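Step one of this worksheet: look at the structure below.
Below, chain A is the first sequence line, B the second, and so on; all start at residue 1. Keep in mind that this is a model prediction, so the values were computed, not measured.
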Amino acid sequence: MKAMLIKDVNLLKGQKQFFGALLVMIIIFSGMQSDPTFSITYTTLMFAILTMTTMSYDDFENGMCYLLTLPVSRREYVTEKYVFGVLSSLCGCTGASFVAVSAGYIKGIAYPWEEWTATVVSCMLLLALVLAVTTPIQLKFGSEKSRMAVFGVFAFGSLAVFVIVKLCQAAGIDMDEVMKSALIENLTTTAWGICITAAIVLAVSWLISVRILEKREF
Amino acid sequence: MLRLENVRKQYKGFGLDCSLEVREGFVTGLVGKNGAGKSTTFKAILGLIHVDNGDIQVFGKHPKELLPGDRERMGVVLADSGFSGYLTVNNLIPMLDRLYTKFKREEFIRKCSEFEIPLNKKLKEFSTGMKRKLQVIAAISHEAELLILDEPTAGLDVLARDELLCLLREYMETEGRAVLISSHISGDLEGFCDDIYMIDDGRIILHEETDVLLSDYGLLKMTDEQYHALDKSYILRHKKEEFGYSCLTDQKQFYQENYPGLVIERGSIDELIMMMIRGEK
């Protein structure tokens with residue numbers, strides 16, 4: 001798996017412009033906003049999407065076919081993608097947090113530890129969802145066709161969330177109160193719940209991805 | 001080292017039904033026209049497609065049972081696939097170092113420089129020939145026992161082809177190794193392979209040792225009268241021509257001795273393929 005991680009890191013090294021643009025955006029957002037939640041979430045998501053980019057690069061000119069003749073099992077290839085996705089997103093999250101907290105320090109705005117934890121924990125769930133959805137879709141449909149499929153899944157997901165929120169409002173449930181209770185008053189329980197949910201979602205997605213790649217013909 | 005027994009794979013409009021063997025110490029060639037089934041055979045061997053029937057054994061194991069350790073014993077070149085174009089050779093070195101316990105880093109770099117392969121250029125900017133050379137160098141740089149080479153000389157000029165074949169001959173000097181190679185350039189195979197399989201429409205139509213192919217097989221050219229008077233016991237294929245008939249035989253000497261008036265040519269592997277595919281039985 002180390003060889004595949006080295007390959008993916010090298011693939012990302014070619015994305016200097018992307019990282020430069022991302023850094024500029026984080027600095028601008030951190031300078032303009034007092035709440036760094038958006039910067040951290042946005043960066044983590046961008047890093048999660050990079051996993052999808054490395055799969056597109058692997059697939060470039062039918063490259064996946066050759067990759068699987070190397071001493072790498074299909075299961076190992078899939079596992080590496082999830083490990084890489086989680087590790088790169090954690091790096092993104094850490095980097096964005098560092099920039100955001102530093103900007104807050106310079107501006108004299110304190111960023112409470114609990115608020116940061118709530119943001120990071122929410123990011124982890126979002127990251128798990130992005131990885132869990134995009135990885136099997138990309139392995140199944142390839143880099144070209146998967147874009148539409150991923151767009152469709154996330155559009156459907158957003159619609160589902162919107163409907164749930166509306167239904168809750170109709171039932172008289174105050175969503176702001178629910179979020180406040182989950183992310184501030186019961187942060188530890190929520191954090192554990194999110195971590196366990198994320199782990200389960202990723203494990204199920206990993207199983208599906210392994211099955212897809214083992215069945216795929218080149 | 002490698003055996004395929006009645007391996008079948010059915011696609012829409014094409015079916016593979018192939019048996020072949022690659023023995024230790026042998027360089028085995030697979031020839032056939034485009035779309036004959038060469039690449040499908042290679043993909044079946046490498047476990048890149050699922051076969052419908054038959055048995056494939058690589059180092060005594062089915063391709064799906066091959067562990068990464070077994071795959072380390074193989075070197076592969078594919079006609080339509082390679083390392084990601086977004087990597088450079090310098091990016092590949094640490095990756096190959098991790099993948100193969102016997103990877104010879106210095107030798108790999110030396111050979112890249114010998115074949116004028118840039119280390120810092122993205123592979124997508126490489127010419128087809130450079131990509132092929134890189135794949136062959138990567139395939140032989142980790143002491144593989146079995147090379148599976150699908151069109152390794154495609155896109156190379158005469159000099160580069162010769163250099164590459166020299167490299168492969170050097171590779172075969174070590175005992176316990178074997179090569180399965182496909183090429184549409186018959187000259188490469190004539191001078192390099194110990195035996196040759198000919199594939200057409202997914203089926204092996206001929207298997208022969210190269211020496212026998214070149215010494216015993218021949219093309220007979222004759223008029224209609226000569227053809228009708230000919231003993232056809234050793235004629236594999238015949239084809240109507242403007243001047244009369246062309247016939248392919250695997251007993252050239254028989255016709256040389258018994259029909260001194262016939263034009264008998266040695267026949268290159270290209271001509272042999274043409275006759276085997278286009279001639280009638």
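In terms of non-hydrogen atom pairs under 4.5 Å with chain B, the most contact-rich of A/V72, A/L67, A/L70, A/L5 is A/L70. Comparing B/P63, B/G75, B/A138, B/G82 by heavy-atom pairs within less than 4.5 Å of chain A, the highest count is held by B/G82. No other option in B/N90, B/L99, B/D70, B/V77 has as many heavy-atom pairs under 4.5 Å with chain A as B/L99.
Put simply, OH on B/Y86 and OG on A/S56 are 8.5 Å apart, with the number rounded to the nearest 0.5 Å. Within the model, atoms CG of A/L68 and CZ of B/R71 stand 8.0 Å from one another, a figure rounded to the nearest 0.5 Å. Note: B/F83 CZ to A/E61 CD = 14.0 Å, rounded to the nearest 0.5 Å. Here the straight-line distance linking atom CD1 of A/I6 with atom CG of B/L92 works out to 11.5 Å at 0.5 Å rounding. Here the NZ atom belonging to B/K43 is positioned 11.5 Å from the OG1 atom belonging to A/T69, to the nearest 0.5 angstrom. Separating the CG atom in B/D80 from the CG atom in A/N62 is a distance of 5.0 Å, to the nearest 0.5 Å.
Only the backbone of A/R216 has a heavy atom closer than 4.5 Å to any heavy atom of chain B. In this structure, chain B has a heavy atom under 4.5 Å from the backbone of A/E214, while its side chain stays farther away. Of the two parts of A/Y57, the backbone and the side chain both hold a non-hydrogen atom closer than 4.5 Å to a non-hydrogen atom of chain B.
Counting all heavy atoms, side chain and backbone alike, A/C65 lies closest to B/L78 at SG-CD1, 3.8 Å. Shortest non-hydrogen contact noted between A/E76 and B/P68 is OE1-CG, 4.1 Å. Shortest non-hydrogen contact noted between A/P71 and B/E72 is CG-CG, 3.7 Å. Taking each heavy atom of B/G47 and A/R74 in turn, the nearest pair found is O-NH2, 3.0 Å.
Residue B/F14 qualifies as enclosed at atom CZ: its count of foreign heavy atoms under 6.0 Å is above 12. B/K61 NZ: more than 12 foreign heavy atoms inside a 6.0 Å radius. By the neighbour-count criterion of 12 heavy atoms within 6.0 Å, atom OH of B/Y11 is densely surrounded, having more than that number from other residues, nucleotides or ligands. Within 6.0 Å of CG on B/D157 lie more than 12 heavy atoms contributed by other residues, nucleotides or ligands. Under a cut-off of 6.0 angstrom, the local environment of CD in A/Q17 is sparse, with at most 12 non-hydrogen atoms contributed by other residues, nucleotides or ligands.
Tested against B/R98 for a side chain to side chain contact (heavy atoms under 4.5 Å, CB included), the candidates A/K2, A/M1, A/M4 yield a single pass: A/K2.
Between the side chain of B/S81 and the backbone N or O of A/Y66, at least one donor-acceptor pair lies under 3.5 Å. Proximity of a side-chain donor or acceptor of B/H50 to a complementary backbone N or O of A/E217 within less than 3.5 Å is not detected.
Side-chain contact between B/N91 and A/K7: absent, with no pair of heavy atoms (C-beta onward) separated by less than 4.5 Å.
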